[in-house]
Protein chains: 2
Amino acid sequence: MTNTTLKKISEVLGVSISTVSRALKNHPDISEKTKAKVVELAQTLDYEPNANAIHLRTNNSNLFGLLVPTISNFFYDSFIAAIEEDCRQQGYSLIILQSGDDPLVEATNLKILRQNRVSGVFACITPSTKNMQPFQKMYDMGIPVVFFDKVPDLANCNRVCVADAAAASLAANALNQTAIKRVLAIFGNPAMSITKKRILGFSHTLQSSTLCHITYAHHSEEALAITTQHLATDPIPDALFCMSDEILTGAMKAIQMAGLLIPQQIKIITISNGFFPNLYHPSITYVETSGYRLGKLAFSKMMTCLSGDTNTAELTLPCTLVQGGSI
Amino acid sequence: MTNTTLKKISEVLGVSISTVSRALKNHPDISEKTKAKVVELAQTLDYEPNANAIHLRTNNSNLFGLLVPTISNFFYDSFIAAIEEDCRQQGYSLIILQSGDDPLVEATNLKILRQNRVSGVFACITPSTKNMQPFQKMYDMGIPVVFFDKVPDLANCNRVCVADAAAASLAANALNQTAIKRVLAIFGNPAMSITKKRILGFSHTLQSSTLCHITYAHHSEEALAITTQHLATDPIPDALFCMSDEILTGAMKAIQMAGLLIPQQIKIITISNGFFPNLYHPSITYVETSGYRLGKLAFSKMMTCLSGDTNTAELTLPCTLVQGGSI
DNA sequence: AACATTTTCGCAAACGTTTGCGGTAGGTTT
DNA sequence: AAACCTACCGCAAACGTTTGCGAAAATGTT
């Protein structure tokens, strides 16, 4: 079964290709009678415009690229879902690529997106990305890039982030309301700017009378190990702060293993998308940083970029404290 | 900054477009000297071939479509990750679309994929999809479709699934090894074929002396409610079977609320991708149905389709019991 | 009836590639 | 010196659209 094209329709109807093209997009130059004929035949012949030809001709791919370390993540999947929603609604499609925390893969992925002449790129860089040259090249080609979550330290680029410092500060503030003495704070990879910001926000707000032990876990298992280790001390910390869902899940397993009662024996607070805190009983109190809302924000920023706005901005998503029963 | 094309390179070098094209793909007709010149200039000019033009000319998009109810899911994200990996490795890109459990959106998504002349489609249909016409149209256009997880009941289509009946049977068998009397089994939407298969596999294998109560939960919260309700009976069930991660998380919260000891007071087994069972302590014993492995299987089936194999098949992924501490 | 205007349509170029085929230059064989 | 290879390269068509411009046909105006 060969594809039906404008040409084929034009031949059957005995009109020109341009007439068919215009008729199908309701161009005023074409008579109603001709339009009707064309539209009908197009329907019975199951005409589907060839996107590649259109993109080539119009130099507009209606395609966005999305670059992410990994899709299966506590946070990104909801971000992706939000972006995809808006894309479809606005007539765009979405190409998704994983970099797997490998800057080399990231670079080739960017090349793929360039070759597909995407209209814009959403990017969450890997922690080890140092060379911003590939991204710069996108910019040179006039392809807007909106960074999200893990963003580079560059000045003039578009970034949408959760309010990292404010979120951590909010969590610290919640702890300040309680009568805790010793808090164990587990953060992520200390090389990432997101970690630095959260450390700053947390330690600046936590009242100085509280003893705070800051540790770093690169993944869930390490968070489990750290927590287990600190639960073996005497006295044990009476509160636990987790920077992310990944860390929370590790820490929570350690607490379950120790058989501690929450919040009587240990209080917990985390920064989260909201899903994991509700897996446990009591529900964990958390500062909400919505991947879904961040996606919406990123998309709207992308749209303003495409409408010609050239000045870059760093947008932050406000966050709120969601009370669980862990404090 | 205007894009560099073959034409531009050819003009600078004073050769023809075809020579440039051939030089860049190392065609034997072109002399080494010319090749060197072309390749060098292409590099300094940052030449990036226009994928749209190539696809139009070669009628081959090197693009796959992926249709899924929702990205943020316990299972699909790892499936997607696997597909994306293989795609990148094989030089394909991936367009991902969510249908949001709406058959209408699903149909328009398929149209988008057709218009993009994708080389193939991976599809997980929504539970309410009745009309297979849009999928049939793909087939008519020569675009192979590989269904996964939620597959239609059609005979001649390509399907890759986890071994649903076998997985449930494996779980029942594990329960048979223990001295339980009353088991509460929670399944998902009873209208889905995946549910029916698992029910059959489970109840056929469970030894008849065991009292089995079968219930249905459409989402996590309902699983929580059902479990809570059954934990209020006397005597309480001494074992719990969950059909999926979504149900497990709901049930587990109920068990935490009741403060029951696992496995002393209640035993638990589930069918899972493997992530959630390890969130708890003790780890939940589960029958593994890997989204990642299913993705790999689906991709390899897709490749055989593209290489001309026209006969359809239903492939099932074998599953294994992973021992936790909940039995 | 001659002219002006409007409606309706077609021509052809362009987007950036790929590729079959033909052509030229130089060298090798008779 | 004629004939034949071989190595190298260019011409031009094609993929399926969009769109500026001009032309023909229909309609309206004096």
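Order of the sequence lines sets the chain letters (A, B, ...), proteins ahead of strands, with each chain counted from 1.
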*Rounded to whole angstrom units, what separation is found between the NZ atom of B:K7 and the P atom of D:dA12?*
15 Å
*asked:* Expressed as a whole number of angstroms, how long is the span from A:L6:CG to D:dT19:P?
replied: 12 Å
*asked:* If the threshold is 4.0 Å, N to carboxylate O, is there a salt bridge linking A:K8 and A:E11?
replied: no
*Has the side chain of A:R22 got a donor or acceptor atom sitting under 3.5 Å from an opposite partner on the base of C:dG10?*
yes
*Main-chain N/O of A:T312 paired to A:N156 side chain as donor or acceptor, under 3.5 Å*: no
*asked:* Using a distance-only criterion (donor-acceptor N/O pair, under 3.5 Å, no hydrogens), is the base of D:dC11 paired with the side chain of B:S16?
replied: no
*So which one's nearest nucleotide on DNA chain C is more toward 5', A:T34 or B:N52?*
A:T34
*Using 30° and 60° as the class limits, which term best fits the ring planes of A:F299 and A:F64: parallel, tilted or perpendicular?*
perpendicular
*Comparing B:V20 and B:A53 on DNA chain D - which has the more 5′ nearest nucleotide*: B:V20
*Touch check for A:L56, heavy atoms < 4.0 angstrom, all strands: base, sugar-phosphate only, or nothing?*
base
_Value in whole Å for how far the C1' atom of C:dG16 lies from CG of A:N50_ = 14 Å
*Given atom CG of A:D29 and atom P of C:dC11, what is their separation to the nearest angstrom?*
16 Å
*Expressed in angstrom and rounded to an integer, what is the separation of B:H27 atom NE2 from D:dC9 atom P?*
12 Å
*Is there a donor on the side chain of B:N59 or the base of D:dC15 sitting less than 3.5 Å from an acceptor on the other?*
no
*Quick one: is D:dG16 close enough that its OP1 or OP2 comes under 4.0 Å of any side-chain N or O from A:S21?*
no
*Would you indicate what B:T5 reaches in the nucleic acid, counting non-hydrogen atoms under 4.0 angstrom: base, sugar-phosphate, or nothing?*
sugar-phosphate
_Value in whole Å for how far the P atom of D:dG16 lies from CZ of B:R117_ = 8 Å
*Mind checking the OH-CG spacing from B:Y92 to B:L63? Nearest 0.5 Å is all I need.*
10.5 Å
*To the nearest Å, how far apart are A:L13 CG and C:dG10 C1'?*
15 Å
*Crowding at CD, B:E40 (>12 non-hydrogen neighbours, <6.0 Å)*: no
*asked:* The side chain of A:S18 is closest to which nucleotide in this list: D:dG16, D:dC9, D:dT19?
replied: D:dT19
*Name the closest nucleotide to the A:I54 side chain, picking from D:dT17, C:dT17, C:dG10.*
D:dT17
_Distance, rounded to the nearest Å, where B:I30 contributes CD1 and C:dT19 contributes C1'_ = 12 Å
